Amino acid sequence: MQTSRAATIERGADTPALLQQAESFEAHWSEVIRFLLNKKLRSSIYHGPEGELSHAELAAIDLLADHECRMSDLAARIGLSESSTTRLVDRLAAAGLVERGTSPTDRRLVTAGLTKQGRATLARMRSARCDFLKEILVTLPEDERAELVRLFGRVAEELRIRETAGAGEVRA
């Protein structure tokens with residue numbers, strides 16, 4: 001069994017101050033997640049057809065940005081079962097955003113990739129997200145903006161490490 005990075009934190013670091021910070025961070029984290037999962041609030045970011053996409057559909061489009069993906073890999077990255085991912089891809093294919101294919105090395109493996117329309121949707125999604133984030137960032141002084149972006153990058157990196165490690169080792 002691998003040791004997670006969180007397990008390498010010294011016991012002495014588990015101070016009342018760290019607990020208080022974690023509790024405050026958790027409250028903010030919950031509010032951000034609630035916002036991201038709320039369709040009405042999410043539609044304030046994405047206009048037009050993108051505003052009607054579910055969180056999982058938006059995630060799938062983002063994940064397919066760079067290359068086609070096997071259905072099982074897409075399911076694992078989104079955090080859905082393969083059958084739920086198949087239905088999700090069916091909906092995106094019906095909307096003309098995704099197309100199914102087969103792996104060139106193993107024709108039994110089903111892949112999903114963005115269509116031309118899917119790439120255009122991705123570009124609009126990213127542009128809308130960037131505009132929304134600019135609206136948030138502009139409310140902060142320049143030094144705080146830079147610090148927020150830097151720290152958010154560090155949090156994202158830690159989450160990528162945990163995802164790569166299998167995410168099975170979360171410290172209680």
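None of these values were measured; they are calculated from a predicted model. In what follows, residues are counted from 1 in the order of the sequence shown.
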Atom CD1 of I33 and atom CG of L37: how far apart are they, to the nearest 0.5 Å? 6.5 Å
For A112, does its backbone N or O pair with a side-chain atom of R100 as donor and acceptor, under 3.5 Å? no
Look at the side chain of T139 and the backbone N and O of I136, then say whether any donor-acceptor pair between them is shorter than 3.5 Å. yes
Measure the CZ-CD distance between F132 and E135 for me, rounded to the nearest 0.5 Å. 7.0 Å
Taking C-beta and beyond as the side chain, do D62 and R126 meet within less than 4.5 Å on heavy atoms? yes
Those residues at least two apart in sequence (or on a different chain) that pass side chain to side chain contact (heavy atoms under 4.5 Å, CB included) with R154 are R150
Linking I/L/V/M/F/W/Y whenever any side-chain heavy atoms sit under 4.5 Å apart, do L41 and Y46 land together? yes
Do the non-hydrogen side-chain atoms of L137 and V149 ever get within less than 4.5 Å of each other? yes
Taking atom CD of E50 and atom CZ of R124, what is their separation to the nearest 0.5 Å? 4.0 Å
Show the nearest heavy-atom pair for residues T115 and G96, with the distance to one decimal. OG1-O, 2.5 Å
Look at the side-chain heavy atoms of Ile, Leu, Val, Met, Phe, Trp and Tyr, link any pair under 4.5 Å apart, and say whether V89 and L109 land in one connected group. no
Considering non-hydrogen atoms only, spot the tightest contact between E68 and G113 and give its length. CG-CA, 3.8 Å
What's the spacing between C69 SG and L114 CG if we round to 0.5 Å? 10.5 Å
For a quick test of reading the model, state the closest non-hydrogen atom pair linking T102 to R107 and the distance between them. CG2-O, 3.5 Å
Distance col, row L151:CG vs E144:CD, nearest 0.5 angstrom, shows 11.0 Å
Measure from the side-chain N and O atoms of R70 to the backbone N and O of T111, and report whether any donor-acceptor pair falls under 3.5 Å. no
Report, as yes or no, whether the 6.0 Å neighbourhood of atom CD on E31 holds more than 12 heavy atoms from other residues, nucleotides or ligands. no
Are S83 and T86 close enough, and set up right, to give a side chain to side chain donor-acceptor pair (under 3.5 Å), and what steps lead you there? CA-CA 5 Å; S83 62; T86 297; over 6 Å; no
Ignoring hydrogens and geometry, is there a side-chain-to-backbone donor-acceptor pair from T121 to Q117 under 3.5 Å? yes
Check whether any side-chain heavy atom of L92 lies under 4.5 Å from a side-chain heavy atom of L53, and answer yes or no. yes
Do F152 and L133 make a side-chain contact, defined as non-hydrogen atoms from C-beta onward lying under 4.5 Å apart? no
Any donor-acceptor N/O pair, E23 side chain to Q20 backbone, under 3.5 Å: no
E163 and R160: salt bridge (charged side-chain N to carboxylate O under 4.0 Å, His left out), yes or no, with the steps? CA-CA 5 Å; E163 179 183 46; R160 277 191 296 275; over 6 Å; no
Applying the side chain to side chain contact (heavy atoms under 4.5 Å, CB included) criterion to V98, which one of L64, L88, D90 satisfies it? L64
If hydrophobic clusters are built by linking Ile, Leu, Val, Met, Phe, Trp and Tyr wherever their side-chain heavy atoms come under 4.5 Å apart, do W29 and L19 end up in the same one? no
Applied to residues 32-45, the side-chain hydrogen bond (donor to acceptor under 3.5 Å, both in side chains) test, sequence neighbours excluded, yields K39-E52
Please report the interatomic distance CZ(R77) to CG(L63), rounded to the nearest 0.5 Å. 5.0 Å
Do side-chain atoms of S127 reach the backbone of A123 as a donor and acceptor pair under 3.5 angstrom? no
What is the minimum heavy-atom distance between M125 and I61, and which atoms define it? SD-CG2, 3.8 Å
